[in-house]
S.K.: 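First the structure, which I've put down as C-alpha cells, then a few questions once you've had a look.
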Amino acid sequence: AQKITQTQPGMFVQEKEAVTLDCTYDTSDPSYGLFWYKQPSSGEMIFLIYQGSYDQQNATEGRYSLNFQKARKSANLVISASQLGDSAMYFCAMREGPDSGAGSYQLTFGKGTKLSVIP
Amino acid sequence: DSGVTQTPKHLITATGQRVTLRCSPRSGDLSVYWYQQSLDQGLQFLIQYYNGEERAKGNILERFSAQQFPDLHSELNLSSLELGDSALYFCASSVRGFSNQPQHFGDGTRLSIL
C-alpha cells in the first residue's frame, strides 16, 4: 500500500485564488511528521511547511497552511492568493517515527501534484 | 539557496560507465541523504549517512555505493550504469536531533545515460 497518496496529478487555479492540494498518508506509527515541498520546473526541491503528528494546531507559513485531519490521515496543503510563481510540482512527504537523535528520518514521497496558475 | 551544494549539475555518460556525484551539506548538518527522482519511480530514498556512518538504506542498487567523509561531504558512486539509471539525484541534509526540521535539498545532479 502506498504510504503517501496524492490523488490530483494536475490542478489549475486562477491567479489570486486559493487552492487545496490533497495528501493522505498511511502509517501505524504514533509519531510522524508531514512535509510539503515545491519543485519548480528548474528542478530544485524547496521546503514549504511541516506538521508533526502531535502538533495541536495546523501549521502555517505565510501563504501556505496545512489542513491536518489526523483521524482521516490527511494533510492537505492550502495556498492562498495564488501567484504565477506558484506553478510547480508539489510533493507531500512523511517521516515515520520519532527522531532517533541521529537525524535518521528518511522521507517517503507521494507522486506529486502539478499546479498551474492561470493569469 | 538551501546551502546544500551538489556537483556536477549535469552528467552525460554511456552505459557501463562509472560516475561520482558529490554533495556538501549545509554548515552544521551532520546527516546526508541521497534520493533518486525518476519518471517511473518518483522520488525514492537511497541511503543516509550520519557523521560518517551509514544510518539507513532504502532502495539502493548494489551497483551504487556512497560514503561520507570526515569533512562531512558525501559522494554517491554509480557503476555499471544502465539506461534506467538516468534520473535526477538529490542530496539533502538535516540537523541532528530536531525531527521537526526539514531536510534541505541541493539542486540535484541530472544524470543522463546514452
S.K.: Do you reckon B:Leu21 sits in the same ILVMFWY cluster as B:Val4, going by side-chain contacts under 4.5 Å, direct or chained?
M.R.: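 No: no chain of side-chain contacts under 4.5 Å links B:Leu21 to B:Val4.
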S.K.: Would you say the side chain of A:Phe91 lies within less than 4.5 Å of the side chain of B:Leu43, judging by non-hydrogen atoms?
M.R.: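 The answer is yes; the side chains approach within 4.5 Å.
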S.K.: Taking atom CZ as the centre, does B:Arg110 end up with more than 12 heavy-atom neighbours from other residues, nucleotides or ligands that are less than 6.0 angstrom away?
M.R.: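 No, not enclosed.
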S.K.: Does a sphere of radius 6.0 Å around CG in B:Leu39 hold more than 12 heavy atoms from other residues, nucleotides or ligands, not counting ones at 6.0 Å or beyond?
M.R.: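 Check fails, neighbour count at 12 or below.
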S.K.: Could you check which of A:Met45, A:Gln51, A:Lys111 has the highest count of heavy-atom pairs closer than 4.5 Å to chain B?
M.R.: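 Heavy-atom pair counts peak at A:Met45.
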S.K.: Assess the pair A:Phe109 and B:Tyr35: is the distance between their ring centroids shorter than 6.0 Å?
M.R.: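 A:Phe109 vs B:Tyr35: aromatic centres under 6.0 Å.
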S.K.: Do A:Gln39 and B:Gln37 make a side-chain contact, defined as non-hydrogen atoms from C-beta onward lying under 4.5 Å apart?
M.R.: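 SC-SC contact between A:Gln39 and B:Gln37 confirmed.
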S.K.: Is there a path of hydrophobic side-chain contacts, each under 4.5 Å between heavy atoms, that joins B:Leu88 and B:Leu76?
M.R.: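 No, separate clusters.
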S.K.: Evaluate the side-chain proximity of B:Pro102 to A:Tyr37: yes if any heavy-atom separation is below 4.5 Å, no if none is.
M.R.: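 Sidechains of B:Pro102 and A:Tyr37: in contact.
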S.K.: Working to the nearest 0.5 angstrom, can you tell me the gap between B:Lys57 NZ and A:Gln106 CD?
M.R.: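 Reported to 0.5 Å precision, the distance equals 13.0 Å.
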S.K.: Can you find a pair of side-chain heavy atoms, one from A:Glu44 and one from B:Phe105, that are under 4.5 Å apart?
M.R.: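 Contact flag for A:Glu44/B:Phe105 side chains = no.
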S.K.: Atom CD1 of A:Ile46 and atom NE2 of B:His104: how far apart are they, to the nearest 0.5 Å?
M.R.: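 Separation between the atoms: 12.0 Å.
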S.K.: Could you give the distance from CZ (A:Phe35) to CD (B:Gln103), rounded to the nearest 0.5 Å?
M.R.: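 If I round to the nearest 0.5 Å, the distance is 7.0 Å.
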S.K.: Please determine whether the number of non-hydrogen atoms from other residues, nucleotides or ligands lying under 6.0 Å from atom NZ of A:Lys114 exceeds 12.
M.R.: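 Open: at most 12 neighbouring heavy atoms sit under 6.0 Å from NZ of A:Lys114.
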S.K.: Any chance NZ of B:Lys9 has more than 12 other-residue heavy atoms, nucleotides or ligands included, within less than 6.0 Å?
M.R.: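 Open.
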S.K.: Look at the side-chain heavy atoms of Ile, Leu, Val, Met, Phe, Trp and Tyr, link any pair under 4.5 Å apart, and say whether B:Ile60 and B:Tyr50 land in one connected group.
M.R.: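 No: no chain of side-chain contacts under 4.5 Å links B:Ile60 to B:Tyr50.
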